[in-house]
Each structure stands twice: as structure tokens, then as C-alpha cells.
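To keep things clear, I will list the structure first and then write my remarks on it.
The chains referred to below are lettered A, B, ... by the order of the sequence lines, with proteins before strands, and numbering in each begins at 1. Fair warning: this is a prediction, and the values are worked out from it, not measured in the lab.
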2 protein chains.
Amino acid sequence: MAQMAELVGSYAGEVTVPVPGADSMEAILDLLRAGGGRITTSRRLVVSALLGLRGHITAEEMCVLVQARAPDVVISTIYRNLEELERLEVIDRTQMAHGPATYHLATAAHGHLVCENCGSITELPSEAFRSLADTARRRHGFTINPGRFAVTGRCAACQ
Amino acid sequence: MAQMAELVGSYAGEVTVPVPGADSMEAILDLLRAGGGRITTSRRLVVSALLGLRGHITAEEMCVLVQARAPDVVISTIYRNLEELERLEVIDRTQMAHGPATYHLATAAHGHLVCENCGSITELPSEAFRSLADTARRRHGFTINPGRFAVTGRCAACQ
DNA sequence: CTCTATGCAAATCTTTTGCACGAAC
DNA sequence: GTTCGTGCAAAAGATTTGCATAGAG
């Protein structure tokens with residue numbers, strides 16, 4: 001998030017296209033509208049909950065939050081809302097070891113993909129490191145620091 | 001266990017305890033026997049299937065393989081066998097995005113955890129990078145190279 | 001008015017669990 | 001003989017789907 005601010009800060013303020021993920025209510029609603037989607041109460045509440053969240057959330061937890069303001073919303077609607085937001089790349093879905101999947105805004109970039117060939121840098125959300133971090137901790141008691149190291153490989157252009 | 005894995009490289013070849021993962025039929029069966037476990041037909045077949053496998057496998061796929069030789073083995077037994085092998089750290093379990101979890105031998109180490117503080121190096125199985133690799137490819141068309149970069153952080157001793 | 005999203009209920013898929021019996025040691 | 005693992009059946013947990021209707025544009 002801090003890194004993100006740094007990198008984004010070098011642009012002028014004109015950019016309205018959310019890259020890589022939308023992070024404001026209006027930007028996300030516009031994304032939903034873009035493909036003929038409609039803005040419903042449940043969608044507004046789901047997006048609102050996501051924006052007011054620092055971490056991840058399960059579909060069931062989201063359902064509880066949404067139902068606090070719209071009791072009639074049912075969990076299958078929550079799943080459909082989250083599925084659509086994932087399709088739009090507004091959120092990422094992470095399958096937990098045993099329990100349910102968790103969802104989170106796809107904005108905060110913490111890791112970096114560095115191309116061995118052209119040196120280009122691509123930001124990667126910290127959630128992408130969750131599984132790696134879990135394995136390192138569980139098997140070795142090692143705490144990784146995704147913001148500190150570069151993940152090397154070949155970018156799309158240099159394959 | 002975690003500490004042992006870190007130190008393995010500095011020992012001479014006398015060590016017979018399989019660290020970090022067992023990779024031969026007898027070594028794994030010994031591990032099962034160690035805690036009072038028993039060697040049954042289904043366990044033998046599950047271990048055999050794992051050893052003759054290059055990649056990952058789901059519980060259901062494993063069940064099919066085992067049933068080819070022992071038709072009466074039921075899938076709950078497969079789950080229990082896999083759970084036990086995971087507990088013994090013979091295999092790793094990876095929860096797939098949507099479908100079922102997959103299991104694979106925890107032997108091949110490809111990545112490295114490097115402690116920022118003491119510089120110690122711990123090997124990490126390439127499977128630990130699966131989720132990271134999938135995200136990088138799916139979202140950015142980027143192919144990571146787990147063997148080439150160091151994952152930094154704090155080791156158990158330097159927390 | 002048209003077409004999408006929702007509520008509700010049921011289905012599906014994966015994994016877990018209780019229990020009595022059979023097998024390993 | 002004791003203890004552990006298995007088969008069977010049922011439960012549990014998470015997610016998806018069909019369908020009629022309400023609601024957004």
C-alpha cells in the first residue's frame with residue numbers, strides 16, 4: 001500500500017481508470033455498470049463493506065455485514081456479487097487451507113515481479129504470497145517479507 | 001523439525017531420518033510405524049501411488065488409483081490416509097482455487113528462504129510457490145522462476 | 001418495457017465423523 | 001488380546017444452480 005502510493009504518486013491526477021484494481025465506491029460501481037450490470041442495494045453494501053475493510057473476509061462474514069443493513073439479502077446473492085467483483089478483478093479470492101475462501105480488495109500491491117530479460121517491474125498484491133508465507137511459517141517457522149524481495153521470471157512480453 | 005531441515009546441509013551422509021520429506025517406500029512406512037501406526041493395504045497403495053507420481057493428485061484421483069488394486073477401499077479411508085501423511089509431513093496439501101485440494105510428496109526443494117538477520121538458508125519445496133506462480137501468470141502473464149530468487153524474511157531463531 | 005439480479009429452495013461437491021467390525025502387531 | 005484402521009452411512013460445510021419474480025435502467 002505504501003509502495004503503491006509511491007508509484008502512483010508520480011502520475012498527474014487525471015487518471016481515472018483504476019489500475020490495477022478500483023478502490024473507490026464510484027470507480028467500482030462504474031466498473032459494474034460498464035458491462036450492463038445494475039447497481040443494487042446488495043452490491044452497494046458489498047462494495048461498501050469491502051472498502052471499509054483492511055483485511056480479508058469470507059462470504060459468510062460479508063453476508064452478516066450486509067444483512068445488518070439489508071436483512072433480506074441472502075448468501076447466494078453475496079456469492080454472486082463476490083463472483084462478479086472477482087471477474088472484474090476488483091477483488092481477489094483466496095482459498096483457505098481448510099475453511100471457506102476469503103475475498104479482499106485487489107488494490108494493495110506489496111510484492112514485485114521483475115523480468116530477468118527486460119527488467120520491467122510488475123506489482124503483485126500481498127495476498128498472492130499468502131500460500132507461500134503459510135508454508136514457510138508452518139514448515140520452518142520462517143516469516144517472509146513480501147515487500148522486500150523481487151520475484152524473478154519472464155514477463156508476458158519476454159516469454 | 002524446522003530446525004533440522006535448516007541444518008541438513010551441514011551434516012555428512014550418515015543421516016537416515018528423512019528430512020524434510022521421506023521419499024522411499026520403506027522410509028515412509030517407518031514413519032507411519034514410528035507413532036504406533038499400522039501398515040495396511042490402503043496405506044501401502046497410497047504411498048506407492050505417491051511415489052510413482054511426478055505431480056499432484058486429488059483425493060478422488062488417488063481413490064481411483066488405489067481401487068484399481070483394492071476395490072473395497074473407500075474414499076474416507078483415502079482422506080484419512082492422506083491426512084496422516086500430511087501430519088507426518090510426507091506430503092503437502094494445496095487447496096485449489098475452486099476444485100478439491102491436491103496432495104504431493106514434500107520432497108523436491110526448489111526455493112530458498114534467506115534470513116535477513118543471520119543469513120541462514122532454508123530450502124523450500126517448489127510447490128510452495130504454486131499459488132504465487134498461478135497468480136502471477138493469471139493476472140500478468142508472468143512466469144516466475146522459483147529456483148532463481150531468494151525469499152527474504154526472518155528465520156525461526158531470529159524472529 | 002426489457003433484461004438483469006435477487007430470493008428461495010434444492011442440488012452439488014468436498015470433506016469429515018460416528019460407529020461397529022476386522023485386521024495389524 | 002489390544003489397539004488402530006477401515007467400511008459404511010450419514011452429516012457437515014461451502015458453494016452453485018434453477019426458477020419465478022422484483023427491480024434497475
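With sequence neighbours excluded, the residues that form a side-chain contact (heavy atoms from CB on, under 4.5 Å) with B:T143 are A:Q159, B:R137. Taking A:R43 as the reference, nothing meets the side-chain hydrogen bond (donor to acceptor under 3.5 Å, both in side chains) condition, with sequence neighbours excluded. Looking at residues two or more places apart in sequence or on another chain, you find a salt bridge (Lys or Arg N to Asp or Glu O under 4.0 Å) between A:D92 and B:R139. The salt bridge (Lys or Arg N to Asp or Glu O under 4.0 Å) check on B:R80 picks up nothing, with sequence neighbours excluded.
Of the residues in residues 36-46 of chain B, those placing a heavy atom less than 4.0 Å from an atom of DNA chain C are B:R38, B:I39, in numerical order. Residues from residues 59-69 of chain A that place a heavy atom under 4.0 Å from any atom of DNA chain D: there are none. Heavy-atom distances under 4.0 Å link DNA chain C to A:D72, A:V73, A:V74, A:S76, A:T77, A:R80, A:N81 of residues 71-83 of chain A, given in residue order.
Along DNA chain C, the stretch of nucleotides lying under 4.0 Å from any heavy atom of chain B spans, 5' to 3', C:dT14 to C:dC25. When DNA chain D is scanned 5' to 3' for any atom under 4.0 Å from a heavy atom of chain A, the first and last hits are D:dA14 to D:dG25.
At least one side-chain heavy atom of B:I144 sits less than 4.5 Å from a side-chain heavy atom of B:L132. Within the 4.5 Å cutoff, no side-chain heavy atoms of B:N81 are placed close to those of B:Y79. Between B:T40 and B:T77, every side-chain heavy-atom pair lies at or beyond the 4.5 Å cut-off. The shortest side-chain heavy-atom distance between B:S48 and B:M25 falls under the 4.5 Å cut-off. By the 4.5 Å heavy-atom criterion applied to side chains, B:T102 and B:R93 are not counted as neighbours.
From one end of the helix from C:dC1-D:dG25 to C:dC25-D:dG1 to the other, with five pairs defining each end axis, the axis direction shifts by 40° (rounded to 10°).
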Cut-off 3.5 Å, no hydrogens considered: what does the side-chain donor-acceptor table look like for residues 27-38 of chain B, sequence neighbours left out?
from	atom 1	to	atom 2	distance (Å)
B:D30	OD1	B:R33	NH2	3.4
B:R33	NH2	B:E26	OE1	3.1

Donor-acceptor pairs under 3.5 Å, side chain of residues 59-76 of chain B to any protein atom, not counting sequence neighbours: which ones?
from	atom 1	to	atom 2	distance (Å)
B:E61	OE1	B:T58	N	2.9
B:E61	OE1	B:T58	OG1	3.4
B:Q67	NE2	B:V73	O	2.8

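Between atom CG of residue A:L124 and atom CZ of residue A:F129 there is a gap of 5.0 Å, rounded to the nearest 0.5 Å. Summarising the geometry, atom OH belonging to B:Y103 is positioned 7.0 Å from atom CD1 belonging to B:I91; distances are rounded to the nearest 0.5 Å. Rounded to the nearest 0.5 Å, atoms NE2 (B:H104) and CG (B:L53) are 10.5 Å apart.
One N or O on the side chain of A:T135 and one on the backbone of A:S131 form a donor-acceptor pair closer than 3.5 Å.
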